[in-house]
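Structure record follows, encoded as structure tokens.
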Amino acid sequence: MKGLIKGLGVTWKAMTSKKVTYKYPDVPLQMPDRFRGIQHFDPDKCIVCNLCAKICPTDCITLTGKPNPDPEKKGKVIDTYDINFEICILCDLCTEVCPTEAIVMTNNFELATYSRDDLFKDMEWLNDNNELIRQENNSAMPKGGAKKNV
Ligand code: SF4
Ligand code: SF4
């Protein structure tokens with residue numbers, strides 16, 4: 001009898017203590033502000049300087065530019081921008097070096113897939129990855145909110 005009461009006490013304590021589990025994936029996880037997640041890329045901000053590709057320690061960024069279609073403007077505009085997340089180590093160097101914040105980190109970490117081919121992300125996918133932009137990239141954005149053309 002004493003053992004039963006003791007056991008019920010332990011059960012009651014566990015039932016009333018603060019929960020340490022999350023209802024993921026039904027409820028998204030809120031990552032820390034400095035979390036380094038999958039990048040968002042904004043083609044309108046990119047000046048095709050190539051710095052991100054040069055600094056990348058795993059050579060997982062591939063980009064090409066083309067002459068600016070506006071004859072009154074000099075320089076290039078981005079044509080293709082791809083990141084291979086098979087080898088990206090989410091080190092943050094590409095975003096640190098980017099002079100225009102065309103590429104920024106997000107709090108999104110969900111890359112699980114059945115095919116390695118799906119880990120090759122193109123410019124359109126990276127541009128659409130515009131939710132959960134890391135806070136320091138847009139202090140005006142509500143926590144966890146979507147970001148549009150910072
Ligand atoms: S986070 Fe690091 S490894 Fe990934 S693309 Fe940027 S520089 Fe390369
Ligand atoms: S993303 Fe940034 S660093 Fe990379 S080419 Fe564009 S402007 Fe340069």
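Whatever order the structure lists ligands and atoms in, that order sets their numbers, starting from 1.
Nearest heavy atoms, Leu51 versus Pro99: CD1-CD, 4.2 Å. Across Lys45 and Glu101, no two heavy atoms sit closer than the pair CD-O, 3.8 Å. The heavy-atom pair separating Gly37 from Met105 by the smallest distance is O-CE, 3.1 Å.
Ring geometry, Tyr24 versus Phe109: the interplanar angle falls from 30° to 60°, so the pair is classed tilted.
With a 4.0 Å cut-off on non-hydrogen atoms, Ile47 touches ligand 2 through its backbone as well as its side chain. The proximity of Val97 to ligand 2, defined as any non-hydrogen pair under 4.0 Å, does not occur for either the backbone or the side chain.
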Working for side-chain contact (heavy atoms from CB on, under 4.5 Å), residues Phe85 and Leu90: CA-CA 9 Å; Phe85 284 99; Leu90 296 170; 4.1 Å; yes
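In terms of protein heavy-atom proximity, atom 6 (Fe) of ligand 2 is closest to Cys46 SG, 2.3 Å. Here the heavy atom of the protein found nearest to atom 5 (S) of ligand 2 is Asn50 N, 3.3 Å.
Annotation for ligand 2: atoms under 4.0 Å from non-hydrogen atoms of Thr100 are 7 (S). Ligand 2 places these atoms under 4.0 Å from at least one heavy atom of Cys98: 1 (S), 2 (Fe), 3 (S), 7 (S). Listed by number with element, the atoms of ligand 2 under 4.0 angstrom from any heavy atom of Cys52 are 1 (S), 3 (S), 4 (Fe), 5 (S). Atoms of ligand 2 lying under 4.0 Å from at least one heavy atom of Phe41, given by number and element, are 1 (S).
The distance cut-off of 2.8 Å around atom 4 (Fe) of ligand 1 captures these protein N, O or S atoms, sorted by chain and number: Cys88 SG.
Using a 4.5 Å cut-off on side-chain heavy atoms (C-beta onward), Phe120 and Glu86 make no contact.
Rounded to the nearest 0.5 Å, atoms OG1 (Thr64) and CD1 (Ile78) are 6.0 Å apart.
Using a 4.5 Å cut-off between side-chain heavy atoms of Ile, Leu, Val, Met, Phe, Trp and Tyr, with links allowed through other members, Leu111 and Ile103 fall into the same hydrophobic cluster.
Taking 2.8 Å as the threshold, Cys49 counts as a candidate ligand of atom 8 (Fe) of ligand 2, since one of its N, O or S atoms lies below it.
Remark: Asp122 pairs with no residue by the salt bridge (Lys or Arg N to Asp or Glu O under 4.0 Å) rule, at least two apart or across chains.
Remark: the backbone N or O of Ile38 is paired with a side-chain donor or acceptor of Asn129 at under 3.5 angstrom.
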